[in-house]
Amino acid sequence: MRVMGIETSCDETAVAVYDGEQGLLSHRLHSQVSLHQPYGGVVPELASRDHVRRLLPLVREALKAGDSSPGDIDGVAYTAGPGLIGALLVGAGFARSLAFAWGKPAVAVHHLEGHLLAPLLEADPPAFPYLALLVSGGHTQLIDVEALSRYRILGETLDDAAGEAFDKTAQLLGLPYPGGPAIARLAEQGQSGAFIFPRPMLDRPGLEFSFSGLKTAALVALRGCAPDEGARADIARGFEEAVVDTLAEKTRRALLATGHRRVVVAGGVGANQRLRARLAAVASAAGARLYFPRAEFCTDNGAMIALAGCFRLSRGEQQGLAFGARAHWELTDLTVT
Ligand code: KG4
Ligand code: ZN
């Protein structure tokens with residue numbers, strides 16, 4: 001089965017062609033980063049309009065690069081949520097129409113299921129069950145991935161997501177959007193231990209996170225020191241280390257609690273090198289193996305949506321002609337017992 005995947009949940013327009021036997025054939029992405037940069041964050045209406053402009057050319061490019069014609073495509077998968085509702089509706093309406101025009105089935109995909117399954121795009125993928133640390137701009141969750149469509153949330157953030165904390169702290173430090181990669185770059189020049197920020201929730205049992213206080217701690221530190229590049233780099237370093245420590249320690253606890261031998265890191269913050277290195281150490285100490293998608297498949301992409309859609313279409317799932325999108329959609333709603 002060969003599936004086209006379409007992702008438009010936020011500020012990336014992405015299209016991919018995935019083949020159930022041959023794997024990923026092509027993927028194309030247009031990032032709107034420069035469009036939103038002057039505003040310091042994503043402007044939903046601008047995002048929707050840009051998706052409209054970009055989708056068709058990307059579909060043509062992805063088909064060509066994947067050496068496929070519309071006749072070779074067996075189904076179209078699209079992100080139906082969660083995300084920005086206008087942006088989602090552009091992708092859903094476009095994908096549903098494309099499937100109709102091609103006379104092929106369409107299937108709705110949960111964006112976070114795409115992230116969770118992204119490591120399966122790589123060679124030597126993890127088998128089920130596995131523990132997943134899902135860290136994106138909107139979510140921070142530890143998930144027991146028992147099997148496809150069997151997801152159990154073990155713990156999640158009570159306030160800001162890890163990526164959101166990176167983005168907000170970056171803004172305080174005068175760094176461009178998106179903040180995660182910008183903080184990671186600045187932190188390289190900072191000194192470890194110059195600022196020691198709290199490790200939220202580590203003093204309590206359980207697998208919950210809280211990152212909103214960390215951003216405030218960074219602000220207090222910024223106000224109390226010389227406004228030079230060195231101090232900003234030290235704060236970036238201290239902040240990154242606090243987030244990474246917290247995520248790594250809760251992941252260690254979740255590995256112990258579940259006894260899983262495989263752990264996956266997914267979502268945009270999963271592209272963070274310091275986080276990957278720490279998680280690799282945690283996994284190895286627990287006798288587990290760490291899996292992660294290549295950096296470009298940690299952040300939003302069409303390949304993960306095509307892959308998740310391929311699984312669902314192969315199981316006979318498909319949407320009727322009516323389509324919809326959901327700004328809010330719990331991953332556990334997918335769980336079938
Ligand atoms: O998964 P994603 O592309 O979009 C959502 O579904 O949210 O994640 C985007 C988030 C942003 O908050 C961005 O700052 C963060 O991932 N991010 C990073 C890195 N690359 C992206 N955070 C820390 N370090 C990075 N290298
Ligand atoms: Zn995402």
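Every value quoted in this text rests on a predicted model; they were computed, and no experiment measured them. In listed order, ligands and their atoms are each counted from 1.
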(message) Under a 4.0 angstrom heavy-atom cut-off, which atoms of ligand 1 come close to Thr299?
(response) 3 (O)
(message) So for Pro181, does at least one of its heavy atoms come nearer than 4.0 angstrom to any atom of ligand 1?
(response) yes
(message) Please verify the inter-ring angle class for Phe128 with Tyr130; under 30° counts as parallel, over 60° as perpendicular, anything in between as tilted.
(response) parallel
(message) Give the atom numbers and elements of ligand 1 that come within less than 4.0 Å of a heavy atom of His115.
(response) 1 (O), 6 (O)
(request) Examine all N, O or S atoms of Cys10, backbone included, and report whether one is under 2.8 Å from the Zn ion (ligand 2). (result) no
(request) With rounding to the nearest 0.5 Å, note down the distance linking CD in Gln141 to CG in Leu133. (result) 10.0 Å
(message) Is the distance between the ring centroids of Phe239 and Phe166 under 6.0 Å?
(response) yes
(request) Please work out whether any backbone atom (N, CA, C, O) or any side-chain heavy atom from C-beta onward of Gln273 is under 4.0 Å from ligand 1, and answer side chain, backbone, both or neither. (result) neither
(message) To check your reading of the model: name the closest protein heavy atom to atom 14 (O) of ligand 1, its residue, and the distance in Å.
(response) Asp167 OD1, 2.7 Å
(message) For the 3.5 Å polar cut-off, considering only N or O atoms, please tell me whether Gly267 and ligand 1 meet it.
(response) no
(message) Please name the atom of Asp300, limited to N, O or S, that comes nearest to the Zn ion (ligand 2).
(response) OD1
(request) For atom 24 (N) of ligand 1, grab the closest protein heavy atom and report residue, atom and distance to one decimal in Å. (result) Asn272 ND2, 3.0 Å
(request) Flag His139 as yes if one of its N/O/S atoms falls below 2.8 Å of the Zn ion (ligand 2), otherwise no. (result) no
(request) Kindly work out whether a path of hydrophobic side-chain contacts (I/L/V/M/F/W/Y, heavy atoms less than 4.5 Å apart) joins Leu56 to Val15. (result) yes
(message) If only side-chain N and O atoms count, and only distance matters, is there a donor-acceptor pair under 3.5 Å linking Thr13 with His51?
(response) yes
(message) Test your reading of the structure: does Ala184 have an N or O sitting under 3.5 Å from an N or O of ligand 1?
(response) no
(message) Check this for me - ligand 1, Gly163, N or O atoms closer than 3.5 angstrom, yes or no?
(response) yes
(request) Nearest heavy atom to atom 20 (N) of ligand 1 wins, so pick from Gly268, Gly137, Gly180. (result) Gly268
(message) Would a single hydrophobic cluster contain both Ile143 and Leu307, if residues Ile, Leu, Val, Met, Phe, Trp and Tyr are joined by side-chain heavy-atom contacts under 4.5 Å?
(response) yes
(request) Might you work through the salt bridge (Lys or Arg N to Asp or Glu O under 4.0 Å) test for Glu61 and Lys64, ending with a clear yes or no? (result) CA-CA 5 Å; Glu61 280 180 36; Lys64 195 163 169 226; over 6 Å; no
(message) Under 3.5 Å, is there a donor on one side chain and an acceptor on the other for Ser212 and Asp160?
(response) no
(request) Please work out whether the ring planes of Phe297 and His27 are parallel, tilted or perpendicular, with thresholds of 30° and 60°. (result) perpendicular
(message) When you compare the side chains of Asp333 and Tyr151, does any donor N or O come within less than 3.5 Å of an acceptor on the partner?
(response) no
(request) Note the single closest protein heavy atom to atom 3 (O) of ligand 1, along with its residue, its atom name and the distance in Å. (result) Asp300 N, 3.1 Å
(message) Only heavy atoms of Gly138, strictly under 4.0 Å: list the atoms of ligand 1 that pass.
(response) 7 (O)
(request) Please indicate whether any nitrogen or oxygen in His111 is less than 3.5 Å from any nitrogen or oxygen in ligand 1. (result) yes
